[in-house]
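Chain letters run A, B, ... following the sequence lines, proteins first and then strands; every chain starts at 1.
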Number of protein chains: 4
Amino acid sequence: MNAPTSSAPDEKRTVSRHPGSGRGRPRDASRDAALREAAMEVLAQVGYRALTMDAVAAQARAGKATIYRRWESKLDLVIDTCNQLVQRNIPEPDHGSVERDLGEFLTAFATFLTGPVGKAAQALVGELPHEPELAAAFRESFLLPQRDVLRRIIERGISRGEIRPDAPVDTVVELAGAGLMYRLMLVDDPLDARFVNRILREALLPLLKNP
Amino acid sequence: MNAPTSSAPDEKRTVSRHPGSGRGRPRDASRDAALREAAMEVLAQVGYRALTMDAVAAQARAGKATIYRRWESKLDLVIDTCNQLVQRNIPEPDHGSVERDLGEFLTAFATFLTGPVGKAAQALVGELPHEPELAAAFRESFLLPQRDVLRRIIERGISRGEIRPDAPVDTVVELAGAGLMYRLMLVDDPLDARFVNRILREALLPLLKNP
Amino acid sequence: MNAPTSSAPDEKRTVSRHPGSGRGRPRDASRDAALREAAMEVLAQVGYRALTMDAVAAQARAGKATIYRRWESKLDLVIDTCNQLVQRNIPEPDHGSVERDLGEFLTAFATFLTGPVGKAAQALVGELPHEPELAAAFRESFLLPQRDVLRRIIERGISRGEIRPDAPVDTVVELAGAGLMYRLMLVDDPLDARFVNRILREALLPLLKNP
Amino acid sequence: MNAPTSSAPDEKRTVSRHPGSGRGRPRDASRDAALREAAMEVLAQVGYRALTMDAVAAQARAGKATIYRRWESKLDLVIDTCNQLVQRNIPEPDHGSVERDLGEFLTAFATFLTGPVGKAAQALVGELPHEPELAAAFRESFLLPQRDVLRRIIERGISRGEIRPDAPVDTVVELAGAGLMYRLMLVDDPLDARFVNRILREALLPLLKNP
DNA sequence: GATTAATCGAGACGGTACGTCAAGTCTTGAT
DNA sequence: ATCAAGACTTGACGTACCGTCTCGATTAATC
C-alpha cells in the first residue's frame, strides 16, 4: 500500500515538510519514529480507549504539540502507527503450489496478527462505524492487501490449471480472512499454525479443488 | 446464557437485592427497563465511544446514581443491555432439512445483527482483551448460543443421514460465524440474505455434503 | 421567648400532633430529643456547612423521613435545636446593684456562649442574609432576650437613681452584646470572666455613671 | 497584610510560579483577575452558600481546572478574593483631631463594609472555627489592619495631649470594631453614618476623654 | 380482639454540584 | 519554525448530599 491511507490531510503527513518555505527549524524526523513507538507501547499496554495523548507524549518525552503537529487526533496517530507496521509485513509466496503458498502466507499473516498490530487492529474495530476515514484506511491498508494476496495466489493456481476455473474465489478469500479475524478478535482460542492448517485442509482447499 | 454472565458483582445485578436484608425501599424494577432502553437508544444514536452516562440518565429521566447503583460502569451497562436483548432472539428452526434450517437461521441472525445489538457488539470488541469478564459474557451470551444452534442443526442432519458423518462440523460452524461477524464489523459490504445465501451455497453446504 | 420562633409551619412543630384525627401511631416524642441531640453533636463536630441530614439521621439511628416529618430543612432543624437550648438559659439577676447585676449576667451569658450554643450561633451567621426566617428566629430568640435583660437591668438602675437618667442606654446595651459576639466569633482571644470584667469596668459602667 | 495570608499552599498562590522551573506556559495572570471578579460577582448575587465553582467558571468563561489550579477550594478562592479587595481600602486619616480622624475612618470603613466585602466577610464567619488558616487570614487582613488604624489614631491623640494617657485604648478599639461587625452581621439595623456618629459621640469619645 | 392509620428505620429516587481527568489548542522561552 | 513544557476551554467522569417517596414492620387509638 502506498496511496494516501490515513485520515490526515496531506500537510500533516509525516514525510511532507511544513508549509510556507524552507525557513525555520526543520522538523526533527527522529521524533516521528519515537512518537509512533511510544504510541505502540502505550496502545499495547492499555488499549485504545485508555490511551491518552499525555501518556504518549510522556513516554516519548515529547510535548503534545509535537504530536498534534504531525497527526490530527489520537485516532490518526494510531492509524498511522499501525499502517507503518503493516507496510511490507505481508509476504507473497509463489512456489507454484496453491496449497504451499496459502499455507505459508496464512501462517505468516497469523503470526503477524498475534503481535501488536493485531491488538491495535482490534482496538480500532469499535471506531470504524463512526469514523469513515479511519474505516477507509483500515480496510485499504489492513484488509485489502491481505485479500489481494490471497486472490492472486488462487488465480495463479487457476491459470496453472491446479484449481478448477469455476471455484468460488471470492467466498474462499473472504472466509479465509474472516476465519483469521474471528479467532484473533472474538474467540479466545489461539490463532496458530494448527488452526491455519485445519481450515486450510478442511475448508479452503476442498472448496477450491472439489467439483 | 444462564449462568452469571456479566462483569458486575452480584450485589449490583439487577435481579438480586441489596445485601443487608430486605429493608429499605426496594429497587424500582421499572427503572431497569427504562435505563436499558435509554442506553440502547443512545448507543444506536451516537455509538459506544460517545455514549455518556449523563446522556443515558437524561434520556431515561433518571439520576446518574440510579444507573451506578445497578451497573458499575458504562461497559457493564452496555453488556447487560445487550445480553438482555440477545436472550431469546435466536430461533432454532427444525424443518428436517439442513439447507432450509441453516438458511433460515443464518438469515434471521443476520437480520438481528443488522440492528442495534450488532452495533453494540462491534463497539465492545476493542474492550475484550482488557475486560476479561466482559469477554466471558460476550462469548457466553453472544457467540456460544449461535454456535450451538448451528452445530445442532448440522448434527440433526448427520443423524438423519442427510450429512456425511465425517463432515468438518467445527470448521463449518466456525466459518459460518466468522463470515457473519467479518461482514458485520470489518467489511462494508452488506450483511444481507444475498450474502448468507452465497456462503451457504458456495461454502457451507458443499463442505458438509461433498466427500 | 415562647411564641413560634422557627421557620416551620405549625403542623410541623414538635409539640403539635399529626393532622386528621388522633388515629394511627402517634409520634414518638423521644425521637425529638434524640434528633436534636444528634444535630447538636454533628453541628459541634463539623459545623453547619458540613452537617448533613444523613449524618444526623445516622447519629440518631433514625430515618431521614423522621427528621423531615418534624422540620422542614436542615436550617429549620438547626434553628429549632438552638432555640431549644437558648430557652431559659438566660438568667436575670436583680440584686439592687447595676454593677453586680451586669457582671453576673454577662459572665453567665459568656459562659453559656462558650458552649455548643455559641458554636451553633456562629455557624448560622453566614446564612442570615439569605434566610429571612432564620434571621428573624435568630434575633428573636438569641439577640433580643439578652438585649432586653441588659436594658431592664439598666432601667432598674435608673429608676433606683443609681444611674443618671440620660445615660446612653441603647448604645451601652448594643456595645455590650457586640463585645461578647465579637470575642466569640471573630477574635481568638477568650470570652471569659476577665474580658467581661474589663469591658464592664473600663466601658459599660463609666458610660452609665459618668456625666 | 503583607505576609502570606491565605490558606493555600505556596505553589498554588497566584503570584508564585509553578515549582519545577520556569518552563512551560506561564499562568495567564489576566485569568486571576477575571476569576476573582467573577467570584465577587457570584458571591454578591447568590451568597457564599449558593456560590458554586461551576457558576464562577461560567461567569469568567473559564474551566474549573483553571480555578483549582490557583485555589484549593471555594473557601480559598473567596478568601483570596476578599483579601485582594481589603488591600489599600483602609484609609488612615490624620487631621490632628481624634474626633475627626475617628469619624472619618469609621464612616469610610462602614461604607466599605456595606459593599460586597462585608457580605463575603459575613459568609466566612461560620467557617472560622473549622478552618484555622482561613481564620488566620481573616484576622490578619480584615481585623488587624482596622484595629491598628484605630489604635494609631488614638495614640496620636494621646501624644498630642488631646486624649488622657490612661484612656482604655484596647477596650475602645475593640468595642469600635465590635460595634461595626455586630451591626453588619447580626442586627438588621443599618450600618450607616448615623450609627457611627452615635457610638462615637455616646461611647468612644466619652471613654477616651472623660476622666 | 381486630381494624386502621400514622409512625418507624432503611434506603432508592431525580437532581445538582463536586473535584478530577482527558482532548485538543495556545503560549512561553529556548534551540 | 521547531522543540518541551504546561496552561487553557470544554465536557464527561463517578461521588455525595438534598429533599421526596416507598417499602415492610411497628404501635396505639378506634371500632
Side-chain angles (χ1 to χ4, degrees), chain A residues 17-28 31 49-55 57-58 60-69 71-75, chain B residues 17-18 20-28 31 50-55 57-58 60-70 72-74, chain C residues 17-28 31 50-55 57-58 60-69 71-74, chain D residues 17-18 20-28 31 50-55 57-58 60-70 72-74:
Chain A
R17 287 299 314 285
H18 38 82
S21 76
R23 291 219 289 177
R25 175 176 174 177
R27 275 203 196 142
D28 183 348
R31 304 316 286 140
R49 292 271 318 291
L51 176 147
T52 71
M53 295 306 244
D54 293 86
R61 295 201 56 83
K64 277 198 290 179
T66 305
I67 302 179
Y68 282 103
R69 218 172 275 124
W71 298 279
E72 292 207 317
S73 67
K74 175 170 146 176
L75 220 54
Chain B
R17 288 303 315 284
H18 34 83
S21 73
R23 290 208 285 185
R25 178 177 176 177
R27 298 253 171 90
D28 183 346
R31 304 317 286 138
L51 176 147
T52 70
M53 294 307 238
D54 294 86
R61 305 215 85 238
K64 276 195 291 181
T66 303
I67 302 180
Y68 283 106
R69 220 172 272 125
R70 292 166 160 76
E72 292 206 319
S73 66
K74 178 169 140 173
Chain C
R17 288 299 314 283
H18 38 83
S21 76
R23 290 224 287 181
R25 176 178 176 175
R27 279 211 191 131
D28 183 348
R31 304 316 286 140
L51 176 146
T52 71
M53 293 307 242
D54 293 85
R61 296 198 58 83
K64 277 197 291 179
T66 304
I67 302 180
Y68 282 104
R69 220 171 273 124
W71 299 279
E72 291 207 317
S73 67
K74 177 170 143 174
Chain D
R17 287 304 316 285
H18 34 83
S21 74
R23 289 211 285 187
R25 176 178 178 177
R27 297 253 172 90
D28 183 346
R31 305 316 285 137
L51 176 147
T52 70
M53 295 306 240
D54 292 86
R61 304 215 86 238
K64 277 194 288 180
T66 302
I67 302 180
Y68 284 105
R69 218 172 275 124
R70 291 164 160 78
E72 292 207 319
S73 67
K74 178 169 141 174

Counting only distance, no hydrogens or angles, is the base of E/dA6 paired donor-acceptor with the side chain of C/Arg25 under 3.5 Å?
->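 By the distance-only test, no, there is no pair.
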Any donor-acceptor pair under 3.5 Å joining the side chain of B/Lys64 to the base of E/dG14?
->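 There is none.
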Under 4.0 Å between a side-chain N or O of [X] and OP1 or OP2 of [N]?
{"X": "B/Arg61", "N": "E/dC13", "value": "no"}
{"X": "D/Arg69", "N": "F/dC8", "value": "yes"}
{"X": "D/Arg70", "N": "F/dC8", "value": "yes"}

Partner residues of D/Ala60 under the side-chain contact (heavy atoms from CB on, under 4.5 Å) criterion, sequence neighbours left out =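 Listed in chain order: D/Leu35, D/Ala38, D/Ala62.
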Grab the [atom1]-[atom2] distance between [X] and [N] for me, whole Å please.
{"X": "C/Arg27", "N": "E/dA5", "atom1": "CZ", "atom2": "C1'", "value": "14 Å"}
{"X": "C/Asp54", "N": "E/dA10", "atom1": "CG", "atom2": "C1'", "value": "11 Å"}
{"X": "A/Met53", "N": "F/dC8", "atom1": "CE", "atom2": "P", "value": "21 Å"}
{"X": "D/Tyr68", "N": "E/dA17", "atom1": "OH", "atom2": "P", "value": "12 Å"}
{"X": "A/Ile67", "N": "F/dT2", "atom1": "CD1", "atom2": "P", "value": "16 Å"}

List in chain and number order the residues that pass side-chain hydrogen bond (donor to acceptor under 3.5 Å, both in side chains) with C/Asp28, two or more places apart in sequence or in another chain; answer none if no residue qualifies.
->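 C/Asp28 satisfies side-chain hydrogen bond (donor to acceptor under 3.5 Å, both in side chains) with C/Ser30 only.
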Applying a 4.0 Å non-hydrogen cut-off, can you work out what [X] is touching in the nucleic acid: base, sugar-phosphate, or nothing?
{"X": "C/Leu51", "answer": "sugar-phosphate"}
{"X": "D/Ala55", "answer": "nothing"}
{"X": "D/Thr66", "answer": "base"}

5' priority, DNA chain F, between B/Thr52 and D/Gly63 [closest heavy atom] =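 It is D/Gly63, whose closest nucleotide lies nearer the 5' terminus.
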